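From a predicted model like this one, the values you see are computed outputs, not experimental measurements. The figures here come from the full heavy-atom set of this structure, side chains too, leaving out hydrogens, waters and symmetry mates.
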Amino acid sequence: MLKHPTGVAPGAYTGAMTWQPELDELERRRLLAEKLGGEDKIERQHKGGRLTVRERIDELLDPSTFEEVGGLAGVCQYDDDGKIIEHLPANCVMGRGQIGGRPVVVTGDDFTIRGGSADAAIAIKAHYPEEMAKGLRLPIVRLIEGSGGGGSVKTIETKGRSNLPGGFGSPGYHIWTENLATVPVVGLGLGSVAGLGAARLAATHYSIMVKELSAMFVAGPPIVSGIGEDLSKQELGGHVIQTRAGGVDEAVDTESEAFERTRRFLSYLPNSVYDLPPRVEPSDDPNRPLVEIANLIPRDKRKVYKMRPIIDQLVDRGSFFEMSKMYGRSTITGFARLNGWPVALIASDPYFQAGAWTAAACQKIIRFVDTAQTFHLPVVYLEDCPGFLVGLEAEKAGTIRQGVRAMSAINQSTIPWCSIIVRNAYGVAGAAHRPTQRYSVRYAWVTARWGSLPLEGGIEAAYRADLDAAEDPIAKLEEIKDRLQRLQSPFRTAEPFWVEDIIDPARTRKLLCDFADLAAPVRQAGPSSFGMRP
């Protein structure tokens with residue numbers, strides 16, 4: 001008979017029998033942990049229309065891939081013989097699994113135990129998945145419900161002292177910042193999220209709320225009522241408030257939809273900055289004709305048009321994944337694919353402020369360009385920008401400072417860049433359609449016009465003396481307009497090579513796919529020269 005390397009013949013090993021009491025104890029504790037906060041708390045969670053943390057993890061991850069870490073952590077009670085009679089788990093469930101066959105780290109708050117607050121948490125367990133994501137260079141998904149902070153007012157009594165926030169070495173803030181610069185971070189607000197929980201949701205590359213179920217705030221209604229504001233959760237921090245303020249990126253109807261959006265978001269990104277974004281098998285012809293696309297742009301510049309149908313025609317079919325749709329609405333941002341390659345796409349939206357850069361749009365561009373820079377995604381910018389938004393409200397919002405920050409983000413980037421001037425490119429903001437200190441690809445459509453200032457509204461000031469001296473000022477104004485419009489032809493700009501190429505819009509998809517193919521080998525893995533911030 002062959003012997004086992006230990007010297008024990010196969011079939012004769014009796015370790016399982018020898019250690020059966022410990023294995024039974026392990027299984028018992030595991031089953032106790034899976035009861036979460038108890039049947040009544042689970043029932044309450046379900047009646048509120050929300051899944052439990054373990055149900056969420058099971059639905060998010062590929063089937064049977066969750067490998068839990070720290071499932072035995074919690075507070076236990078023992079009988080006089082030292083046998084466990086009760087196990088209250090720590091209200092953080094975490095570990096690793098797979099999404100689309102790729103490894104990820106997942107961590108979730110258990111609202112069935114003290115409402116997800118830190119009173120029932122073990123701080124090092126909540127911190128551990130962040131270190132795991134960093135150490136293994138894997139994306140992390142946070143399923144957030146509760147405060148997750150320093151506890152409640154009762155904590156003073158239970159701890160016998162008052163907590164001073166920000167102690168040296170406190171887990172949290174520094175690792176969030178490090179992870180934002182290293183791995184994709186997704187946050188799902190799946191109920192009421194306050195305090196440190198809200199900070200965890202905001203400190204992400206992509207954040208989602210569930211409409212009517214989720215709310216996010218620095219402090220909830222009971223605390224806010226102390227300053228004289230009596231508001232419901234939705235009035236204070238519901239999805240309408242947070243998506244328009246830029247507090248979160250997206251609001252969806254169900255938890256299942258939030259999980260699906262998470263899976264799709266991660267599909268465009270590498271596991272970490274040390275990898276490159278993965279290509280998918282191309283399923284759309286790069287030479288697909290776009291015969292009618294030019295007709296989507298009105299000849300009258302005062303008329304608006306829809307940019308998203310143009311985006312859908314240019315990118316691989318069904319690949320556009322928009323982010324932060326309700327925030328900074330004069331600018332569209334999202335991921336897409338060109339010939340299978342993932343790219344970061346920015347586009348003007350003339351339906352809002354005529355596509356002008358607002359303070360919010362500038363902040364949106366900064367964060368999006370930083371994300372693209374962090375994860376090595378080439379950028380495509382479809383520009384129709386008449387400049388910065390003007391007027392009193394724009395000045396109150398500090399638009400110019402935010403605009404300069406956006407311009408700096410673009411010029412600091414090192415990723416491949418392609419700009420398509422679709423219609424307007426005016427002023428300082430119009431000039432910020434590409435990094436100017438290095439090579440980038442640029443095309444202009446025949447529909448494009450540009451200049452230091454739009455002609456509308458500027459002629460009267462620039463030619464005031466001519467108009468005042470004219471016998472017929474109205475006719476003189478039309479004469480000047482006609483003359484300047486002829487000079488403003490993009491073909492005049494092409495003569496001294498002030499614009500690289502003016503193209504038929506129907507060729508744009510092929511040229512963008514060429515750009516994606518050429519940019520792919522230029523991409524370089526590794527950390528960016530500057531860290532990502534929320």
Side-chain angles (χ1 to χ4, degrees), residues 294-305 307 330-331 347-359 361-362 365 381-404 406-407 410-411 419-434 436 442-505:
N295 294 332
L296 297 176
I297 310 299
R299 182 170 289 274
D300 185 346
K301 290 197 298 182
R302 294 171 296 181
K303 292 184 178 180
V304 299
Y305 62 94
M307 180 63 81
S330 62
T331 300
S348 306
D349 189 346
Y351 258 80
F352 297 91
Q353 292 86 33
W357 276 18
T358 64
C362 292
I365 289 169
Y381 184 5
L382 307 178
E383 183 187 43
D384 182 356
C385 178
F388 288 118
L389 188 69
V390 299
L392 179 59
E393 291 305 313
E395 301 301 338
K396 286 181 177 180
T399 301
I400 190 61
R401 179 173 293 279
Q402 299 304 325
V404 171
M407 294 168 62
I410 291 170
N411 279 290
S419 305
I420 307 290
I421 305 174
V422 174
R423 187 163 68 169
N424 294 316
Y426 287 99
V428 178
H433 56 265
R434 68 170 181 175
T436 56
R442 182 171 67 170
Y443 302 102
W445 282 8
V446 293
T447 57
R449 294 294 185 273
W450 42 69
S452 297
L453 289 170
L455 295 181
E456 294 79 10
I459 296 176
E460 289 87 342
Y463 291 88
R464 174 52 55 197
D466 299 89
L467 295 173
D468 289 344
E471 291 184 7
D472 187 345
I474 296 177
K476 185 66 174 178
L477 178 62
E478 291 303 315
E479 174 194 326
I480 295 171
K481 281 183 179 179
D482 290 342
R483 184 172 76 245
L484 292 180
Q485 285 173 353
R486 287 194 299 271
L487 292 172
Q488 198 183 34
S489 165
F491 299 110
R492 296 277 189 133
T493 306
E495 293 169 6
F497 195 57
W498 287 1
V499 63
E500 294 85 338
D501 277 304
I502 299 173
I503 64 170
D504 178 350

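For the pair I420/W445, a side-chain contact is recorded, criterion being any heavy-atom separation below 4.5 Å from C-beta on. Contact check for Y305 versus V422: side-chain heavy atoms found under the 4.5 Å cut-off. Contact check for M407 versus W357: side-chain heavy atoms found under the 4.5 Å cut-off. With contacts defined as side-chain heavy-atom distances shorter than 4.5 Å, the pair P505/V446 qualifies.
Rounding to the nearest 0.5 Å places CD of E395 at 9.0 Å from CG of L389. R299 contributes atom CZ, which lies 12.0 Å from atom CZ of R423 (distance to the nearest 0.5 angstrom). We find the CZ-CD1 distance between F388 and I400 to be 4.0 Å, quoted to the nearest 0.5 Å. The CD1 atom of I421 lies 11.5 Å from the CG atom of D501; values are rounded to the nearest 0.5 Å. The CG atom of N411 sits 10.5 Å away from the CZ atom of R434 when rounded to the nearest 0.5 Å.
Put simply, the side chain of S330 never gets that close to the backbone of Q353: no donor and acceptor are under 3.5 Å apart. Of the possible donor and acceptor atoms, one in the side chain of D384 sits under 3.5 Å from a partner among the backbone N and O of N424. Counting only distance, with no hydrogens or angles, the side chain of D349 and the backbone of Y351 share a donor-acceptor pair below 3.5 Å. Distance alone, capped at 3.5 Å, places no donor-acceptor pair between the T331 side chain and the A361 backbone.
Closest of all the heavy-atom pairs between A406 and I365 is CB-CG2, 4.3 Å. Of all non-hydrogen atoms in A429 and G387, the two that sit nearest each other are CB-C, 3.6 Å. Among all heavy-atom pairs drawn from Q402 and C362, the shortest one is O-CB, 3.4 Å. When all heavy atoms of C385 and S348 are compared, the pair lying nearest together is N-OG, 4.0 Å. The two residues A448 and P490 come nearest to each other via the heavy atoms O-CG, 3.6 Å.
When the shell of 6.0 Å around CG of L392 is examined, it contains more than 12 heavy atoms from other residues, nucleotides or ligands.
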Going through the distances and angles, do H433 and R442 end up as a side chain to side chain contact (heavy atoms under 4.5 Å, CB included)? CA-CA 9 Å; H433 56 265; R442 182 171 67 170; 3.1 Å; yes
Does the side chain to side chain contact (heavy atoms under 4.5 Å, CB included) test come out yes or no for R492 and W498, once each step is laid out? CA-CA 9 Å; R492 296 277 189 133; W498 287 1; over 6 Å; no
